[in-house]
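Naming convention: chains lettered A, B, ... in sequence-line order (proteins, then strands); numbering from 1 in each chain.
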Number of protein chains: 2
Amino acid sequence: MNDVAARAGVSLKTVSRVVNGEPGVLPATAERVSRAIADLGFRRNDSARQLRTGRAAGIGLILEDVSDPFYSVLTRAVEQVVRDNDCLLLTGSCDDDPDREQELAMALCERRVDGLVMVPAATDHSYLAHEIRAGVPVVFVDRPPINLAADVVLADNVGGARDGVRHLINNGHRRIAYLGDDLAIFTARERLTGYRSALAGAGIPQDESLVVMGRAEPVAVRAALDRLLSQPNAATALFCGNNRLTTVVLRELAGRVDRPALVGFDDFELADLISPGLTVVAQDPAGLGRVAATLLFDRLAGLSDAPRRVVLPTVLIPRGSGEAPPPATF
Amino acid sequence: MNDVAARAGVSLKTVSRVVNGEPGVLPATAERVSRAIADLGFRRNDSARQLRTGRAAGIGLILEDVSDPFYSVLTRAVEQVVRDNDCLLLTGSCDDDPDREQELAMALCERRVDGLVMVPAATDHSYLAHEIRAGVPVVFVDRPPINLAADVVLADNVGGARDGVRHLINNGHRRIAYLGDDLAIFTARERLTGYRSALAGAGIPQDESLVVMGRAEPVAVRAALDRLLSQPNAATALFCGNNRLTTVVLRELAGRVDRPALVGFDDFELADLISPGLTVVAQDPAGLGRVAATLLFDRLAGLSDAPRRVVLPTVLIPRGSGEAPPPATF
DNA sequence: CTGAAAGCGCTTACAG
DNA sequence: CTGAAAGCGCTTACAG
């Protein structure tokens with residue numbers, strides 16, 4: 001900026017005015033400055049600006065894995081809001097590793113981002129209390145924070161799972177298995193609650209042998225399916241707690257003749273093209289991202305209520321796999 | 001840092017030493033400083049550090065759209081390399097808008113990122129020459145830069161398309177249509193070249209009525225398919241130039257009885273589960289991201305050859321849709 | 001309409 | 001092993 005000032009024959013402050021489009025510079029002066037900027041290929045140094053203003057014009061996004069379609073769509077939505085607010089987005093995947101989450105969050109705070117949107121992995125977020133007090137708003141998405149009062153935007157996991165399971169019940173099923181993620185994960189617990197609630201609502205007794213929680217690994221899923229579908233009182237329908245599990249289940253089911261009815265939580269790109277079409281409880285990942293980011297910027301603009309909890313509805317999309325009736329009993 | 005120094009009864013410099021893990025601090029002193037840091041909840045301000053050191057410890061990634069699976073997988077790979085180098089990632093989608101690309105690139109440069117990885121959208125990248133000269137390396141991915149000498153990492157578009165079309169030829173097809181993206185897009189041109197090369201190699205005459213270039217819009221695709229599949233000398237096989245087109249085509253084909261053989265460029269999550277399985281020419285989006293980011297850090301570490309052009313191989317994955325023979329002629 | 005001075009919070013280069 | 005001074009490139013607050 002000094003060089004530009006020298007070349008244009010003005011002071012530093014005048015260059016600053018031109019660069020920032022502040023009023024009160026004679027057109028002729030501004031013109032000279034602009035030319036000097038172009039000649040020198042000057043580009044304002046944002047770190048200096050940040051240091052002085054205290055504003056990074058950047059927000060951080062932490063999630064499990066950008067390459068997962070659910071999160072990549074969410075990321076895109078956050079990106080859009082961030083852009084509308086003339087900010088830049090800093091991102092990081094933490095692979096559900098609590099330490100990595102904290103590492104990322106701290107790195108972003110050291111960088112003095114204006115705020116944070118995060119899909120939490122950790123089991124204790126009290127480490128963020130100090131940052132929030134220091135004026136860095138944090139909005140959680142998809143899962144709530146633990147030991148911390150902060151904004152959170154969630155999908156209606158209980159209601160969505162209940163709808164999905166109820167749909168199977170309405171199609172005549174009473175032996176419905178639930179395959180879900182590890183219970184350590186908030187959404188897995190919520191969806192299991194929805195499953196139980198649907199059964200209870202229909203007066204169907206809970207059978208713990210029909211509930212399988214764990215990672216989406218082909219071998220484990222195959223073993224579970226073998227058991228569920230061949231045990232004396234076999235399951236006639238499956239409800240899958242998330243898209244990764246649904247994928248593995250679909251693949252394992254591909255070879256089998258008597259396929260159970262199936263409803264999955266989370267929608268897929270090609271879900272309508274497989275045969276039968278996959279019936280799903282669709283979440284709104286873009287909505288989650290958009291609402292969370294918008295709330296963050298509202299906080300940044302001064303909104304200071306108590307932490308909010310926003311729940312977004314899910315939608316049941318029947319495509320065939322969830323409408324198959326149970327086999328006739330003999 | 002001043003507060004920490006005061007509380008620990010040491011100088012600023014000593015605090016800096018502790019924070020940065022520099023040697024030459026008595027354990028007892030370091031201990032006092034650490035306690036002061038913890039008590040005050042001190043977090044180093046990276047903008048100040050950046051200003052002084054000139055290093056952002058951050059790199060920028062610009063691409064078309066993170067929510068596209070191809071790019072989200074690429075993003076994840078870049079992220080991984082960035083993390084291994086103790087950097088943070090700044091991202092932005094430009095929706096194939098040249099102005100937006102430049103806007104993002106400039107914003108990232110003002111922020112003094114250490115380097116840039118980009119899937120270009122613009123038709124002129126000379127605006128980056130100054131930045132590169134100023135020491136900010138830029139690596140292009142998926143498409144080469146225009147009017148600029150810079151590193152680029154590409155998929156083997158020509159070879160991949162040639163393999164895909166040749167595969168159809170080997171299965172007996174001679175009337176093979178090519179549906180590709182707009183010719184303004186580099187990869188679309190390359191893949192068309194591969195298509196032509198495969199035909200030429202088999203001595204099959206080029207028929208321009210079988211080549212359709214355009215956006216992946218259902219209405220346009222349907223019209224093209226109606227024409228291609230019903231014209232006197234109808235196409236018996238289709239080669240789709242990218243995943244978005246393939247999706248639309250699959251959807252349009254879903255209702256039809258006489259389905260042509262089909263090979264798509266780009267792999268899909270559920271490509272093996274649709275029926276028939278989708279035969280694809282798979283790119284390696286993670287490889288593209290990894291190689292590009294690694295090259296960027298090599299540049300940052302001082303590598304100073306001439307700009308490189310790295311081409312990554314593609315793989316043909318037969319799954320059924322590309323192996324169907326043409327209908328018997330009468 | 002324009003500018004001189006101070007300072008944001010660190011690190012660098014040097015001295016002791 | 002520890003510290004005092006200068007400076008990175010801007011903006012803020014003020015003066016003229």
Which atom names give the shortest non-hydrogen contact between B/Val141 and B/Pro120, and what distance separates them? O-CD, 3.7 Å
In terms of the nearest nucleotide of DNA chain D, which residue is placed more toward the 5' end: B/Pro27 or B/Ala48? B/Pro27
Does a nitrogen or oxygen in the side chain of A/Ser16 sit under 4.0 Å from OP1 or OP2 of D/dC10? no
Side chains of A/Arg76 and B/Asp95: does their closest heavy-atom pair fall under 4.5 Å? yes
Write down the distance between CG (A/Leu51) and P (C/dA6), rounded to a whole number of angstrom. 18 Å
Measure CZ/B/Arg111 against P/D/dC8 and give the value in whole Å, please. 22 Å
Could you state the atom-to-atom distance from CZ of A/Arg112 to P of D/dC10 in whole Å? 20 Å
So, does A/Thr53 get its side chain near the phosphate of D/dT11, meaning an N or O under 4.0 Å from OP1 or OP2? no
Distance check: side-chain N/O of A/Arg44 vs OP1/OP2 of D/dT11, anything under 4.0 Å? yes
In whole Å, I'd like the distance from the CZ atom of A/Arg17 to the C1' atom of D/dC14. 11 Å
In short, B/Pro307 meets B/Arg299 closest at the heavy-atom pair CA-NH2, 3.9 Å
Round to a whole Å and report the spacing from CD of A/Gln50 to P of C/dC10. 14 Å
For DNA chain D, the dot-bracket pattern of Watson-Crick and G-U pairs whose distances stay under 3.5 Å, | for other-strand partners: |||.||||||||.|||
Does A/Arg290 pair with A/Asp84 as a salt bridge, N-O distance under 4.0 Å? no
A/Leu12 CG to C/dA4 P, in whole Å, measures 10 Å
So, does A/Arg52 get its side chain near the phosphate of D/dT12, meaning an N or O under 4.0 Å from OP1 or OP2? no
Rounded to whole angstrom units, what separation is found between the NZ atom of B/Lys13 and the P atom of C/dT12? 7 Å
Ignoring backbone atoms, test whether B/Thr29 places a side-chain nitrogen or oxygen under 4.0 Å from the OP1 or OP2 oxygen of D/dT2. yes
Ignoring backbone atoms, establish whether A/Asn45 has a side-chain N or O less than 4.0 Å from OP1 or OP2 of D/dC8. no
Out of D/dT11, D/dG9, C/dT2, which nucleotide sits closest to the side chain of A/Leu26? C/dT2
Send over the distance from A/Leu40 CG to D/dG9 C1', rounded to a whole Å. 15 Å
Taking the side chain as every heavy atom from C-beta outward, state whether B/Val19 and B/Phe42 have any pair of such atoms under 4.5 Å apart. yes
Please determine whether a side-chain nitrogen of the Lys or Arg among B/Arg83 and B/Glu79 lies less than 4.0 Å from a carboxylate oxygen of the Asp or Glu. no
